[in-house]
Amino acid sequence: MKKIAVLTSGGDAPGMNAAIRAVVRKSIYHGLEIYGIKRGYLGMINREIRQLQLGSVADTIHRGGTILHTARCPEFLKPEGQEKAFTFLREQQIDGLVIIGGDGSFRGAKVLEEAGFHTVGVPGTIDNDIPFSEYSIGFDTAVSTVTDAINKVRDTATSHERIYVIEVMGRNSGFIALQAGLAGGAESIIVPEAPFDLAEVCSRLMRGAKRGKLHSVILVAEGAASAISVGEEIQKLLQMEVRVTILGHLQRGGTPTAFDRVLASRLGAKAIDLLLEGKRGCAVGLWKGEIKATPYEEIFTHSKEFPWDDYRTAAILAI
Ligand code: ADP
Ligand code: F6P
């Protein structure tokens with residue numbers, strides 16, 4: 001192992017810069033040459049690479065986004081695009097790659113593995129939907145951002161005595177909705193993992209109204225329903241004033257929390273250890289308190305377990 005490349009791919013996540021920093025500094029510590037590929041798999045196809053030095057990652061640990069930029073790259077799904085990437089990596093004599101991203105990025109890493117390249121994945125996605133890692137980089141920050149938004153919305157909801165429906169990201173998973181809903185004391189949390197019944201949500205609101213509670217916050221994960229249709233339906237059923245807030249991409253930005261920075265530093269450093277030990281075709285993750293590696297195949301054949309106990313607790317506490 002002499003030449004290693006790092007890239008960020010798919011949706012960005014706060015803490016990706018801390019992971020890049022760890023990969024760069026750990027590589028240099030071990031006497032490796034470390035290169036940054038820009039815009040994920042697109043950068044392999046478009047040949048965008050530069051050597052990184054200790055100073056290249058200075059002043060980045062606290063910054064959201066990714067200094068290497070990221071992209072979704074449909075061209076890499078096709079054999080022609082993949083061939084271009086393989087040719088480029090062979091020409092550059094890259095011995096190992098650290099791929100920071102989500103499930104899709106890991107599938108791309110597997111394609112590289114099958115073509116003979118050594119890769120290690122680092123889970124970076126606000127969705128937290130990667131199995132065998134209790135947390136992915138960016139999730140904790142996104143949850144804090146959503147919790148802060150709930151606090152603010154609750155202020156105006158209380159003043160105006162209205163029902164607010166807030167839509168959060170997460171793609172097909174409800175981890176952000178559940179965690180932020182618990183933290184923000186949401187009255188109802190709607191996630192794709194659980195069937196939901198708007199009549200039940202409404203009777204919960206009515207029970208609150210009978211006690212004199214005229215404001216509520218309902219959190220909807222984007223993968224479960226659209227907040228707009230949930231809001232319209234509730235307004236129709238209850239004849240009460242409803243407002244809808246879609247938080248959107250602000251959930252992907254901002255300075256990473258200390259937790260995300262520490263996690264990213266540990267995962268990035270471990271990725272280099274693994275490549276140096278000759279391990280490959282796996283992703284690192286935080287598992288039972290330790291940084292562990294799991295083969296891609298295991299990751300692709302499992303779904304991340306939903307924390308049902310937390311889900312039930314949230315429902316009980318919001319009674
Ligand atoms: P994330 O990594 O956040 O899940 P995406 O699903 O958009 O984000 O994946 C990022 C990129 O990974 C895609 O744009 C594509 O270039 C690559 N990718 C995704 N799935 C595959 C696949 N099955 N085979 C090869 N490359 C893939
Ligand atoms: O995977 C991260 C994520 O933010 C999802 O929560 C969301 O569904 C998606 O990316 C949005 O993607 P884009 O930024 O391409 O619109």
Side-chain angles (χ1 to χ4, degrees), residues 4-30 32 34-41 43 49-71 94 96-106 108-109 118-130 132-144 252-276 279-280 282-287 290-294 296 299:
I4 298 209
V6 56
L7 59 95
T8 46
S9 163
D12 65 347
M16 277 184 165
N17 283 328
I20 297 168
R21 173 180 176 274
V23 167
V24 169
R25 299 239 163 130
K26 190 83 192 280
S27 297
I28 294 173
Y29 173 82
H30 286 292
L32 300 166
I34 175 80
Y35 289 78
I37 296 175
K38 276 190 157 182
R39 304 185 178 86
Y41 297 114
I49 195 166
R50 74 182 158 103
Q51 189 168 1
L52 301 172
Q53 313 294 348
L54 290 174
S56 312
V57 289
D59 201 22
T60 61
I61 196 166
H62 60 299
R63 296 191 194 281
T66 156
I67 55 166
L68 291 175
H69 302 276
T70 184
I94 298 295
L97 288 127
V98 177
I99 289 158
I100 306 168
D103 174 84
S105 303
F106 290 178
H118 291 225
T119 72
V120 171
V122 173
T125 165
I126 62 164
D127 301 339
N128 204 29
D129 56 352
I130 309 283
F132 303 105
S133 192
E134 278 134 18
Y135 288 89
S136 57
I137 297 165
F139 173 68
D140 186 65
T141 307
V143 167
S144 294
R252 287 232 300 258
T255 185
T257 58
F259 179 90
D260 271 330
R261 297 182 206 187
V262 172
L263 177 69
S265 303
R266 294 176 74 192
L267 294 174
K270 181 74 173 180
I272 297 304
D273 285 340
L274 291 173
L275 286 173
L276 285 171
K279 304 228 171 81
R280 53 187 289 196
C282 57
V284 288
L286 179 68
W287 194 237
E290 282 178 38
I291 306 297
K292 292 262 168 67
T294 308
Y296 295 137
I299 292 175

Exercise: identify the closest heavy-atom pair between [X] and [Y]:
X: G102; Y: T125; answer: CA-CG2, 4.1 Å
X: A271; Y: V122; answer: CB-CG2, 4.0 Å
X: D12; Y: G65; answer: OD2-CA, 3.8 Å
X: P256; Y: G64; answer: CD-N, 3.9 Å
X: G254; Y: P14; answer: O-CB, 3.7 Å
X: G124; Y: A13; answer: C-CB, 4.1 Å

Rounded to the nearest 0.5 Å, how far apart are [atom1] of [X] and [atom2] of [Y]?
X: L68; Y: S9; atom1: CG; atom2: OG; answer: 11.5 Å
X: L275; Y: K270; atom1: CG; atom2: NZ; answer: 11.5 Å
X: T66; Y: K38; atom1: OG1; atom2: NZ; answer: 10.0 Å
X: T294; Y: I130; atom1: OG1; atom2: CD1; answer: 11.0 Å
X: I37; Y: L97; atom1: CD1; atom2: CG; answer: 5.5 Å
X: S27; Y: L52; atom1: OG; atom2: CG; answer: 9.0 Å

Knowing that exactly one of I99, T70, I100 qualifies, which makes a side-chain contact (heavy atoms from CB on, under 4.5 Å) with S105?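 The residue from I99, T70, I100 that satisfies side-chain contact (heavy atoms from CB on, under 4.5 Å) with S105 turns out to be I99.
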
Among V284, L286, I137, I299, find the one that has a side-chain contact (heavy atoms from CB on, under 4.5 Å) with P123.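 For P123, the side-chain contact (heavy atoms from CB on, under 4.5 Å) check succeeds only for V284.
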
Side-chain heavy atoms of [X] within contact of [Y], under 4.5 Å:
X: L276; Y: L32; result: yes
X: S56; Y: V24; result: no
X: D273; Y: H30; result: yes
X: R50; Y: Y35; result: no

For the pair [X] (side chain) and [Y] (backbone), establish whether a donor and an acceptor sit closer than 3.5 Å, ignoring hydrogens and angles.
X: N128; Y: F139; answer: no
X: Y41; Y: A109; answer: yes
X: R21; Y: A58; answer: no
X: N17; Y: H62; answer: no
X: T8; Y: H69; answer: yes
X: D260; Y: G15; answer: no

Modelled atom types, side-chain donor and acceptor of T255 and R261, under 3.5 Å: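 Short answer, yes.
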
I would like to know whether D140 and L263 meet side-chain contact (heavy atoms from CB on, under 4.5 Å); could you show each step before the answer? CA-CA 10 Å; D140 186 65; L263 177 69; over 6 Å; no

Chi angles and distances behind the side-chain contact (heavy atoms from CB on, under 4.5 Å) call for R25, V57: CA-CA 8 Å; R25 299 239 163 130; V57 289; 3.6 Å; yes

side-chain hydrogen bond (donor to acceptor under 3.5 Å, both in side chains) with T60: which residues, sequence neighbours excluded?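 Scan of T60 (side-chain hydrogen bond (donor to acceptor under 3.5 Å, both in side chains), adjacent residues dropped) gives none.
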
Under the side chain to side chain contact (heavy atoms under 4.5 Å, CB included) test, which residues partner R280, sequence neighbours left out?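 With sequence neighbours excluded, R280 shows a side chain to side chain contact (heavy atoms under 4.5 Å, CB included) to E113, H118, given in chain and number order.
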
Do the rings of Y296 and F106 sit parallel, tilted or perpendicular, given the 30° and 60° boundaries?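 Tilted, since the angle between the ring planes falls between 30° and 60°.
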
